[in-house]
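Taking it in order: structure first as structure tokens, then the write-up.
Ligands are counted one by one from 1 in listed order, and the atoms in each one are counted from 1 as well. All figures in this text were calculated on a predicted structure; none of them were measured in a lab.
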Amino acid sequence: MFIDEVTILVKAGDGGNGCLAFRREKFVPRGGPSGGDGGRGGDVTLVASEHHNTLLHFRFNPEYKAQRGRHGEGSNRKGAEGESIEVPTPVGTMVYDAATGELLHDFTKAGDRFLVAQGGRGGRGNARFATSTHQAPTEHEDGKPGDELRLRLELKLLADVGLVGFPNAGKSTLISRISAARPKIADYPFTTLEPSLGVVRSHDDRTFVVADIPGLIEGAHEGHGLGTQFLKHVERTRVLAHLVDVSESSGRDPVNDFEVVMNELASFSEDLTKKPMLVVATKMDAAQDPARVKSIEKIAKKRKMPFFKISSVTGEGIEALKKAMGEFVLAPVEPATEGRSGE
Ligand SMILES: Nc1nc2c(ncn2[C@@H]2O[C@H](COP(=O)(O)OP(=O)(O)OP(=O)(O)O)[C@@H](O)[C@H]2O)c(=O)[nH]1
Ligand SMILES: [Mg+2]
């Protein structure tokens, strides 16, 4: 199981201080107390968001502070309340108190809200302490501090995109190009022995998870090569990217490679072949024979699968592929939130 984990600090706003003041007016010899209350500090609320699939955004911004309340002022003016903030959190995130290890909240559905740090109350101004026998109070309170705590967030990562293909097709190289994952890459089959996940940042700053799994060969479902048991890691992905080496160095026919892998997927589970699939011709920088590329492009067209040509060496086609993956797996942005950036 792959677990994304991050520690963040949340700090609610402190309450504003109460004010000590007396009225001074012309012709009023003894003005009464007029110190206003401090404003309440803002809260920090975590909100489950379907636009976030990973905890990556927390790594760039590990601190969330709400605004403090303003201090009270004379003439019984209450301080303004501090602004509260909302922090988007992926559905599925478990929120722990980092100090005690206590589970505070488990986000199960989008829109779910959890007030994690409450703003401090504003202090009372001296006007509030006046009584009939105590007409010139000088008591006034400081605001209460807002809650501050460290949270440990945990999210079980499920892959959104699965990379499949022959050994040496360039799966690990692609994931190392589009994510921070650094699986072993080498010029021999079965370099990858177990699946690994990479978190990919899309062009609009959202993230999704790509799984790199070991290569498949003919008869994998009968145990040849590394077998097919790791295909369970891509069973729940939303889309498969099928990588086909179109360079001469594979020494094989790309169309045949494609069919072999499709057969192995089908032998593992029919559902896998029903999943949307992107066909990706890899190693374009080393593809001398355009006929090889064309042949696989034709197969993709026939099956109505989107087709991409990439080179992880030159970067050709990588952005377009990333964008297409993102379109398959990320919820469409609603018009109301469009243009929002930097979350
Ligand atoms: N010229 C060229 N070579 C590439 C490209 N992508 C990968 N390679 C090379 O192809 C070989 C295999 O790459 P990997 O990424 O390890 O392939 P894989 O699909 O993960 O292989 P397995 O883990 O064995 O299934 C390595 O020597 C890479 O350097 C590319 O775009 N162009
Ligand atoms: Mg590999």
Tightest non-hydrogen contact, residues Ala281 and Val246, listed as CB-CG1, 3.6 Å
Atom 32 (N) of ligand 1 has as its nearest protein heavy atom Asp285 OD1, 2.7 Å
For the residue pair Thr45 and Phe114, establish whether any side-chain heavy-atom pair is separated by less than 4.5 Å. no
Q | Pairing of Arg128 and Asp37 as salt bridge, 4.0 angstrom limit | A | yes
Just checking: Thr191, one of its N/O/S atoms, less than 2.8 Å away from the Mg ion (ligand 2), yes or no?
no
When rounded to the nearest 0.5 Å, the distance separating OG1 of Thr207 from NE2 of His51 is 12.0 Å
Considering distance alone, does some N or O of Ala286 sit under 3.5 Å from an N or O of ligand 1? no
Measuring only between side-chain heavy atoms, which start at C-beta, is Phe208 closer than 4.5 Å to Leu330? yes
List the atom pairs, with distances to 0.1 Å, where a side-chain N or O of residues 312-324 and a protein N or O form a donor-acceptor pair under 3.5 Å, not counting sequence neighbours.
from, atom 1, to, atom 2, distance (Å)
Thr314, OG1, Ser311, OG, 3.2
Thr314, OG1, Glu316, N, 3.2
Lys322, NZ, Arg201, O, 3.4

Atoms of ligand 1 under 4.0 Å from any heavy atom of Phe190, numbered from 1 in the order shown, are 24 (O)
min-distance protein heavy atom vs atom 17 (O) of ligand 1 -> Gly170 N, 3.2 Å
Ligand 1 to Tyr188, heavy atom cutoff 4.0 Å, flagged ligand atoms 24 (O)
Numbered in order shown, the ligand 1 atoms found under 4.0 Å of a heavy atom of Gly215 are 25 (O)
| said: Using a strict threshold of under 4.0 Å (side-chain N to carboxylate O), is an ion pair present between Glu81 and Arg70? | reply: no
for atom 12 (C) of ligand 1, nearest protein heavy atom and its distance come out as Asn168 OD1, 3.0 Å
In ligand 1, the atoms that come under 4.0 Å of a heavy atom of Ser311 are 31 (O)
Closest to atom 3 (N) of ligand 1 among protein heavy atoms sits Lys283 CD, 3.8 Å
Output for pair (His71 NE2, Glu73 CD), nearest 0.5 Å, gives 10.0 Å
| Ser49 versus His52, side-chain donor and acceptor atoms under 3.5 Å | yes
Nearest non-hydrogen protein atom to atom 31 (O) of ligand 1, with distance, is Ser312 N, 2.8 Å
Are any N, O or S atoms from Thr192 nearer to the Mg ion (ligand 2) than 2.8 Å?
yes
Within the structure, is a non-hydrogen atom of Ala186 found at a distance of less than 4.0 Å from ligand 1?
yes
When every non-hydrogen atom of Gly42 is compared with those of Ala66, the smallest separation belongs to O-CB, 3.4 Å
Q. Taking distance alone, with no angle check, do Thr192 and ligand 1 share an N/O pair under 3.5 Å?
A. yes
closest protein heavy atom to atom 20 (O) of ligand 1 is Ser172 OG, 2.8 Å
- Message: Tell me whether Lys184 has any N or O atom under 3.5 angstrom from an N or O of ligand 1.
- Response: no
Min over Thr173, Ile185, Asp187, Ile175 of heavy-atom distance to atom 15 (O) of ligand 1 lands on Thr173
Atom 18 (P) of ligand 1 sits nearest the protein heavy atom Lys171 N, 3.5 Å
Note to self: If the contact criterion is a heavy-atom separation under 4.0 Å, does Thr282 count as touching ligand 1?
What the structure shows: no
The single option from Val200, Asn53, Val199 that satisfies side chain to side chain contact (heavy atoms under 4.5 Å, CB included) with Asp160 is Asn53
Residues at least two apart in sequence or cross-chain that pass side chain to side chain donor-acceptor pair (under 3.5 Å) with Glu327, listed by chain then number, are none
**Report entry** Flag side-chain contact, heavy atom, 4.5 Å: Phe166 against Leu216
**Finding:** no
So the atoms of ligand 1 within less than 4.0 Å of a heavy atom of Pro189 turn out to be 24 (O)
Original post:
Can an N or O of Ile213 be found at a distance shorter than 3.5 Å from an N or O of ligand 1?
Top reply: no
